Amino acid sequence: MADTESKAPSNFIQTIIEEDLKTGKNDGRVATRFPPEPNGYLHIGHAKSICLNFGLAQTYNGTCNLRFDDTNPTKEEVEYVDAIKEDVHWLGFEWHDGAHYASDYFDRLYDLAVRLIKDGKAYVDSLSADEIRQYRGTLTEPGKDSPYRNRSVEENLDLFQRMRNGEFEDGRHVLRAKIDMAHPNMLMRDPTLYRIRKAAHHRTGDRWCIYPMYDFTHCLSDAIECITHSICTLEFENNRALYDWVLDQLAMPCRPRQYEFARLNLTYTVLSKRKLIQLVQEGRVSGWDDPRMPTISGIRRRGYTPESIRTFCERIGVAKANSIVDMALLEHTIREDLNRRAPRMMAVLRPLKVTIENYPEGQAEMLTAVNNPEDAAMGTRQVPFSRTLYIEREDFLEDPPKKYFRLAPGREVRLRYAYFITCTQVIKDPHSGEVIELRCTYDPATRGGDAPDGRKVKATLHWVSAEHAVPGQVNLYDRLFVKPDPDEREEGKTFIDFLNPDSLDVLDDCRLEPELAEAKPGAIYQFERLGYFCADSKLSSRDHLVFNRTVTLRDAWAKIAGNK
RNA sequence: UGGGGGAUCGUCUAGCGGUAGGACUACGGACUCUGACUCCGUCUGCCGAGGUUCGAAUCCUCGUCCCCCAGCCA
């Protein structure tokens, strides 16, 4: 309590809430809601809204409802409601009072619509969709009244009842609010309140053949649930007038207020359900939970933690100006989190054979490796070393450029937690000329990785013992799009044209430190010097290990090398 | 051209008449058995023009640019 009072509001919505609290509005109650339509999977943009709404409830000791905005049976499915629940839970939030559904309010909504008709505030229109569009006017020209606008209350009541009874085909009639066909706000030109849709609803089945529209449903659902602050995104600013109009006509016990904030945009990805569903349907990704997808399920499978997502949502802030957040911030928050908690392991993704010529054949020994230098409590483990090893192909260069510290002919480097080795000979495939093996010598005095004579090496390489290593597949993921803003208009092109052809690189000949054989699906690791990885929650098993790269480590060398 | 919103470092964001601050990025350095982490340092910003004021990102005026709205989607 003292905590929330002493902290300065961190965004304009908190400022509003604190003002409301100060003036005693809503009896000091704060009630928010997260209202997804179950017509797709949640993405990182929704995470912003979830963190905001649930976070506000936590901060001000209020409540936050989960409410499915399920008023369009032709687009909604239970698969989506289940996925949404799972995602909200995974993010770390518990909704108040069980899941709510707008469809739970269909009866009440219907009664309220009848009341509007009785009050002469709504009428059944029998114009076709096309005609309604024509009658609406344009941005600069007023619309004109429908010829059905002045039907009697009795006739409207009768027609609406018969709409409900299923006497008419889809599109034959609609219920409209009677507001003002010349209103400068297009949404106020007699908006549609109900339409006929002879479709089964995922919860109400075929009990209904008329369904309420968003603008009628949302505000009343908020009022029914006694929401105090109804927070939505900027594109609903125009809808606020209608939100208020509906609530003003129907005296509800609670009077919620709508506030709008800018939705999240992220570089190198797209965050619109329409586009994400297209990626899935066209098979550009393996599914909603493809680790390249910005969906919560994709991000989760990629190895992101809920904590890192919440931190991200805090850092991006909440404001009213549209913006595009740099993907680098998201990557920073996951690195920050994983650095603290991910056990370190050694994994060689593109193996290059190394023979330690002066190490006895058939011998092996265990060396002690630190599990996490950031957390001593995570302890140590034993890693086997032997005469034949694998190192990363990119850690050897026959003709190294200036600042390249790694292995090269005649050069000495350290094998992490093991020994100093020196490259004495390079063996190439006689046909291709490709380097296929390195012959090296090791210095037995450097066991553990320190030279008693104090000599230094510039590089430390990760490695695995050939006979002890376990095979595995590693999926290297990169940004889904090549352009920071795939939606940016370019002649004749769509966002599909900017998909990154290299967003997935499957490496199936990787050699992993033995301990990784025990990796449980979803387990997170840092593969030293490479990045953070997680065992794929769907595909990884003891028999076939599959790891997903969550994010690379920051890489100073890549920058140096890349700049030339 | 109607109505509704919005403009602060490269990016996101604070500021509420009194020295423009933070985070990310970038760059430089220190440290290092991960070219990681950590630490230190540097660069860059109030959309423009007027006005009010001792003093303006903040108040006023006039512009400019950007976003949203013409679904029986949400």
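Proteins come first, then strands; the chains are lettered A, B, ... in the order of their sequence lines, and each starts at number 1. Everything numeric here is computed off the predicted structure, so don't read it as measured data.
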Should stems be defined as at least three consecutive Watson-Crick or G-U pairs with both distances under 3.5 angstrom, which of them involve RNA chain B?
-> B:2-7 with B:64-69, B:10-13 with B:21-24, B:26-30 with B:38-42, B:47-51 with B:59-63
Side-chain N or O of A:Lys559 less than 4.0 angstrom from OP1 or OP2 on B:rC27?
-> yes
Are OP1 or OP2 of B:rC73 and a side-chain N or O of A:Arg197 less than 4.0 angstrom apart?
-> yes
Ignoring backbone atoms, establish whether A:His462 has a side-chain N or O less than 4.0 Å from OP1 or OP2 of B:rU34.
-> no
Do A:Asp326 side-chain and B:rC24 base share a donor-acceptor contact under 3.5 Å?
-> no
Would you mind classifying the nucleic acid contact of A:Arg414 as base, sugar-phosphate or nothing, using non-hydrogen atoms under 4.0 angstrom?
-> base
Examine the base of B:rG3 for any acceptor or donor lying under 3.5 Å from a partner atom in the side chain of A:Asn238, and report the outcome as yes or no.
-> yes
Which part of the nucleic acid does A:Val318 contact within heavy-atom distance under 4.0 Å: base, sugar-phosphate only, or nothing?
-> sugar-phosphate
B:rG71 glycosidic conformation (syn if within 90° of 0, otherwise anti) is syn
For A:Thr74, answer base if it contacts any base atom (sugar-phosphate contacts may also be present), sugar-phosphate if it contacts only those atoms, and nothing otherwise; contact means non-hydrogen atoms under 4.0 Å.
-> nothing
For the base of B:rU34, is there a side-chain donor-acceptor partner from A:Arg344 under 3.5 Å away?
-> yes
Are any of A:Arg240's side-chain N or O atoms less than 4.0 Å away from OP1 or OP2 of B:rG5?
-> yes
